[in-house]
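Just so we're on the same page: letters track the sequence lines, and every chain starts at 1. Side-chain atoms are counted along with the backbone in the values below, which use heavy atoms only and exclude waters and symmetry mates.
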2 protein chains.
Amino acid sequence: MFEPPTLKDIATALGLSTSTVSRALRDTYEISAKTKKLVLEYAEKINYQPNPNALSLKERRSKSIGVVVSEVANHYFSQAINGIESIAYARGYHVIITQTHESYAREKINIQHLASRSVDGLLVSLSAETNDLHHLKELHDRGMPMVFFDRVPESIHTHKITANNEQGAFDATEHLIKSGCRKIAHLTSSAQLSISIERLRGYKAALNKHDIKVNPDYIKHCPHGGMFPEETEQAVLELLNLKDKPDAIFIAGDRLSIGCLEVLKKLDIKVPEEITLAGFSNSDVLNLFEYPLSSVRQPAFEMGKTATEMLLQLIESKYPVTEFEDRVIDTNLFIRD
Amino acid sequence: MFEPPTLKDIATALGLSTSTVSRALRDTYEISAKTKKLVLEYAEKINYQPNPNALSLKERRSKSIGVVVSEVANHYFSQAINGIESIAYARGYHVIITQTHESYAREKINIQHLASRSVDGLLVSLSAETNDLHHLKELHDRGMPMVFFDRVPESIHTHKITANNEQGAFDATEHLIKSGCRKIAHLTSSAQLSISIERLRGYKAALNKHDIKVNPDYIKHCPHGGMFPEETEQAVLELLNLKDKPDAIFIAGDRLSIGCLEVLKKLDIKVPEEITLAGFSNSDVLNLFEYPLSSVRQPAFEMGKTATEMLLQLIESKYPVTEFEDRVIDTNLFIRD
DNA sequence: TAAATTTGTGCAATCGTTCCCGACGACATT
DNA sequence: AATGTCGTCGGGAACGATTGCACAAATTTA
């Protein structure tokens, strides 16, 4: 069995009390240099590490933060996680990552898990299915520090950090228009998600600016964010089977883009000859794709960093924070073909 | 501040002792039905959750396992993690994921982190840089249950689970040979990694079987597994600049494949006209690539599941386990073009 | 009716750590 | 010689939950 050494082990081995050993290790002034040296050397020798559970119990904090994302396989999130870890580790915090796979049930369980696991704070990006915010609201009301990023809720009052989704969507859509497209469809995630709302707004704004009427038939929502391939496939097929077939699609997410490309490939539809594409994606292999896909790239790493800094500020604040920030970071449009 | 309710809160609110409350919640026989109901209802109402740190301290286990992989952005690992989580969650364990980014220093820190964090066991895939196994050996000797997967060490005696790398490499190489290639190069990760060794062996075996001489100039190692694009680029360029230029490359990893494709694209080298490719990859977007890449796919999800089952068996075993298993799972070759 | 048994509950120790408080020797001060 | 100060160190409570043991009240038995 794995039994790490404890303070008591050091104390009995050295004929001291646990309090003295504790103080020696924490370099308190009231311990003699000789004793300190003795203790430190022995502790080093047996590779003593304080028991984090005992510490958490005593200090009432765990020096760890919980992260809730839909999927680590998503490039946006894996990059954001790298940003989160870079800050968290530097400040002495552990990071516990959980995935919702866009499921509301899974999100609830994970949040519950993390809260009971006594993390000091939460970094959350909502799942595509999430409508009800009760589980988060209650926890927030009870004082759990949390910061939302990417997919943020309207009604929970805390720090939020998002990409400039509206501007990004506007840029992508306008790029399609400037490429000569007029019948631009929009394939997006579930309707209640903040990113969906904002991207839809940017899409409409671009159309409006260029005097193109918004066609409701051109807007397709995938309630599970493309988690199920059939969902994406059906949406794309519906677009392609319209009488007035679109000549471009603006796609609101990574997984949706891939799903869409797969359908187009299966039907052997030429891109960009028959249809032009643009979409949100943080994938680093888009350049290698057979079909060109102009992409709006979010500063994921930076967003992860910023969100973590905000969360640690909440966690370490001595007084309840009442002023919350809504940070918006610009996106970049990468044009392909 | 976030102060979850404790047993004592319930006890004082109900005029009982903490022991009675504890027993009521754990449904012990010696508590009257009336009291039980009272306690359960109140606990439900205030959403009581036992403090996991107090429990871990008492039980001397945390019901959590640590995972060490090189990168969650790697499709193989993200799929493996899904497999790990599926088992762990079902058995009531938390999963703490850490990334090495192929760095030995990072691996040491993460292992140290997880050990001090008192996880009950470790699921490890070695980093490309790792040569020295001291940090793992010492922990293992001190009784920390661990299971290795994918990249496994020779000298630590515990459960290991790998894909049939040799057979997979053999299949891929033989496929290249059957496609008419004779001058087959091999682009791979750092030389000491188990997967590199086994895949190299399979590569050589296929060449031998078909009476093709192994050309040492055709074998290129990337010590950081393609973590740095320059590394991959240089290796590929060296291959392309050989007097006797190879007509195919068998690539031993996901990131290397992508790096290689990027170089070929930059140089505008036609695939498969000028050079044919095959490689290990669990990416689900290879079909969409401009350049066809036949791929050896590992059963990542299944490997994650199996590794976790093995680890939990070690953790929950009453007696020290001395019989260890070396599970090898078959790969699948997906041919493109 | 008194003794024995059952039933329900509380006390206290434990896990590993920190920290308040007090102890005790050595030395200086009055 | 008595008191004060300082430098070092130990005792013990606390954090939250579990659990063996003790013990009172309620019930059954003799």
(request) Return the value, rounded to whole Å, for the distance between atom CG of B/D9 and atom C1' of D/dA17. (result) 13 Å

(request) Go through A/E154 and A/K160 one step at a time and tell me if the salt bridge (charged side-chain N to carboxylate O under 4.0 Å, His left out) criterion holds. (result) CA-CA 10 Å; A/E154 188 97 17; A/K160 290 165 200 168; over 6 Å; no

(message) Looking at B/K36 and B/D27, is any side-chain nitrogen of the basic one under 4.0 Å from a carboxylate oxygen of the acidic one?
(response) yes

(request) Figure out the CZ/C1' separation between B/R23 and D/dG20, and round it to whole Å. (result) 9 Å

(message) Determine whether B/Y89 and A/H113 satisfy the following criterion, ring pair (Phe, Tyr, Trp, His ring centres under 6.0 Å), listing intermediate values before the conclusion.
(response) CA-CA 10 Å; B/Y89 287 170; A/H113 241 165; 5.6 Å; yes

(message) Under a 4.0 Å threshold between the charged nitrogen and the carboxylate oxygen, would B/E309 count as salt-bridged to B/K305?
(response) no

(message) Can you tell me if B/S32 touches the phosphate of C/dT9, counting only side-chain N or O atoms and a distance under 4.0 Å to OP1 or OP2?
(response) yes

(request) State which of C/dG16, C/dT9, D/dC9 makes the closest approach to the side chain of A/I31. (result) D/dC9

(request) Answer yes or no: does a side-chain N or O of B/T35 lie under 4.0 Å from OP1 or OP2 of C/dT9? (result) yes

(request) Mind calculating the distance between CG (B/D27) and C1' (D/dT18) to the nearest angstrom? (result) 16 Å

(request) Could you tell me the separation between the NZ atom of B/K8 and the C1' atom of D/dA14, rounded to a whole number of Å? (result) 8 Å

(request) Let me know the distance between CG of B/N53 and C1' of D/dA17, rounded to the nearest Å. (result) 11 Å

(message) It should be established whether A/S22 places a side-chain nitrogen or oxygen under 4.0 Å from OP1 or OP2 of nucleotide C/dT18.
(response) yes

(message) Taking the axis from the first five pairs and the axis from the last five, what angle separates them in the helix from C/dT1-D/dA30 to C/dT30-D/dA1, rounded to 10 degrees?
(response) 80°

(request) Answer yes or no: does a side-chain N or O of B/Y48 lie under 4.0 Å from OP1 or OP2 of D/dA17? (result) yes

(request) State which of C/dT17, D/dT18, C/dC19 makes the closest approach to the side chain of B/E59. (result) D/dT18

(message) Nearest to the side chain of A/R26, heavy atoms from C-beta on, is which of C/dT18, C/dT17, D/dT18?
(response) C/dT18

(message) Does B/S17 contact C/dC11 through a side-chain donor or acceptor facing the base, at a distance under 3.5 Å?
(response) no

(request) May I ask you to decide whether B/K45 forms a salt bridge with B/E41, counting only side-chain N to carboxylate O separations under 4.0 Å? (result) no

(request) Find the distance B/L55:CG to C/dC15:P and express it as a whole number of Å. (result) 16 Å

(message) By nearest heavy atom, map B/Q49 and B/E30 onto DNA chain D; which one lands nearer the 5' end?
(response) B/Q49

(request) Name the residue closer to the 5' end of DNA chain C, choosing between B/Y29 and A/P5 according to the nucleotide with the nearest heavy atom. (result) B/Y29

(request) May I ask you to check whether A/F324 and A/H157 place their ring centers less than 6.0 Å from one another? (result) yes

(message) I want to check something: taking the side chain as every heavy atom from C-beta on, are A/R23 and A/E30 in contact at a cut-off of under 4.5 Å?
(response) yes

(message) Tell me whether the side-chain N/O atoms of A/K58 come closer than 4.0 Å to OP1 or OP2 in D/dA13.
(response) no

(request) State which of C/dC19, D/dT18, C/dC15 makes the closest approach to the side chain of A/S19. (result) C/dC19

(request) Output the single nucleotide from C/dT17, D/dG11, C/dG10 whose closest atom is nearest the side chain of A/A54. (result) C/dT17

(message) Just the rounded figure in Å: distance from C1' of D/dT8 to NZ of A/K36.
(response) 11 Å

(request) Select one nucleotide: of C/dC11, C/dT17, D/dG11, the one nearest the side-chain heavy atoms of A/P50. (result) C/dT17

(request) Would you state whether a donor and an acceptor, one from the side chain of A/R60 and one from the base of D/dG16, lie under 3.5 Å apart? (result) no

(request) Report the distance from atom CG of B/L7 to atom P of D/dT19, rounded to the nearest whole Å. (result) 12 Å

(message) Is there a side-chain hydrogen bond (donor to acceptor under 3.5 Å, both in side chains) between B/S103 and B/T100? Walk through the geometry before answering.
(response) CA-CA 5 Å; B/S103 145; B/T100 64; over 6 Å; no

